[in-house]
Amino acid sequence: MMTKVNGFYTLKGYQMNEGAELTTAMEDYLEMICRTSLESGIVRVSDLSKMLNVKPSSATKMVQHLKELGYVNSEKYGQIELTEVGASAGKYLLYRHDVISRFLCILNQSENELEQVEKIEHFLNRKTVENISKLTQRLETEWNQPKHNDIQANIKKNNGS
């Protein structure tokens, strides 16, 4: 870990200062394992590799890393199951994804902001996610008020929607 001093760092420098256990890639896998587990109950490496558009060998390696860290249990050619720690972390990752997605959809007046969410979700801390959630709830409430209908129409008109 780097010695923390005041000033600017590269992205890698900030990440090293945080000392996070999970890399952004690990978060992506854990989030997908949790999502799939909640939707279908069964998660296999082959499913995971298809959903994340990676090679099965890459998914196998990542599942092994997550297993070593105590986030999942798995057997070769078997089902991947979340541990208690993995389920807790995965649920937070799904929550964070949902908060950012809802916020960006309101901000951009769109139905889907998946690519942007995937690009930025790893870089926001819990406090920021909580504050975005509060702001999003407020915007959702206020945005549905009659006074905003004209504003919504103008935004859609200017965006070519």
Show me the donor-acceptor pairs, under 3.5 Å and distance only, between side chains in residues 55-74 and residues at least two apart or in other chains.
{"unit_1": "T60", "atom_1": "OG1", "unit_2": "P56", "atom_2": "O", "d": "2.9"}
{"unit_1": "K67", "atom_1": "NZ", "unit_2": "S74", "atom_2": "O", "d": "2.7"}
{"unit_1": "Y71", "atom_1": "OH", "unit_2": "E21", "atom_2": "OE1", "d": "2.5"}

Contact between R35 and M51 at the side-chain level, heavy atoms closer than 4.5 Å - yes or no?
no
Within the structure provided, determine whether Q116 and N108 are in side-chain contact (heavy-atom separation under 4.5 Å).
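In contact.
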Rounded distance (nearest 0.5 Å) linking atom [atom1] of [X] with atom [atom2] of [Y]:
X	Y	atom1	atom2	result
L114	I100	CG	CD1	12.0 Å
I132	L124	CD1	CG	5.0 Å
K119	T24	NZ	OG1	13.5 Å
E142	I106	CD	CD1	10.5 Å
R102	L104	CZ	CG	11.5 Å

Which pairs count as side-chain hydrogen bond (donor to acceptor under 3.5 Å, both in side chains) when at least one residue sits in residues 87-96, sequence neighbours excluded?
E27-R96, Y95-E130, Y95-S133
Any donor-acceptor pair under 3.5 Å linking the side chain of T36 with the backbone of M32?
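Yes, the answer is positive, given that a donor and an acceptor are paired below the 3.5 Å cut-off.
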Taking all non-hydrogen atoms of both residues into account, name the closest pair between L82 and C34 and its distance.
CD1-CA, 3.7 Å
Can you see which heavy atom on L30 is nearest to which on A89, and at what distance?
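In this case the closest contact between L30 and A89 is CD2-CB, 3.7 Å.
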Using only heavy-atom distances, determine whether the side chains of T128 and N125 contain a donor-acceptor pair under 3.5 Å.
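A donor-acceptor contact under 3.5 Å links the two side chains.
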Give me the other members of the hydrophobic cluster that L94 sits in, counting Ile, Leu, Val, Met, Phe, Trp and Tyr linked by side-chain heavy atoms under 4.5 Å, directly or via other members.
L38
Applying side-chain contact (heavy atoms from CB on, under 4.5 Å), run through H122 and L93 and close with a yes or a no.
CA-CA 9 Å; H122 306 285; L93 295 173; over 6 Å; no
Tell me whether I42 shares a hydrophobic cluster with V45, the cluster being built from Ile, Leu, Val, Met, Phe, Trp, Tyr side chains joined at under 4.5 Å.
no
Under the criterion side-chain contact (heavy atoms from CB on, under 4.5 Å), I'd like the reasoning laid out for E118 against D28: C-alpha separation, chi angles, the key distance, then a yes or no.
CA-CA 8 Å; E118 290 297 323; D28 285 335; 3.4 Å; yes
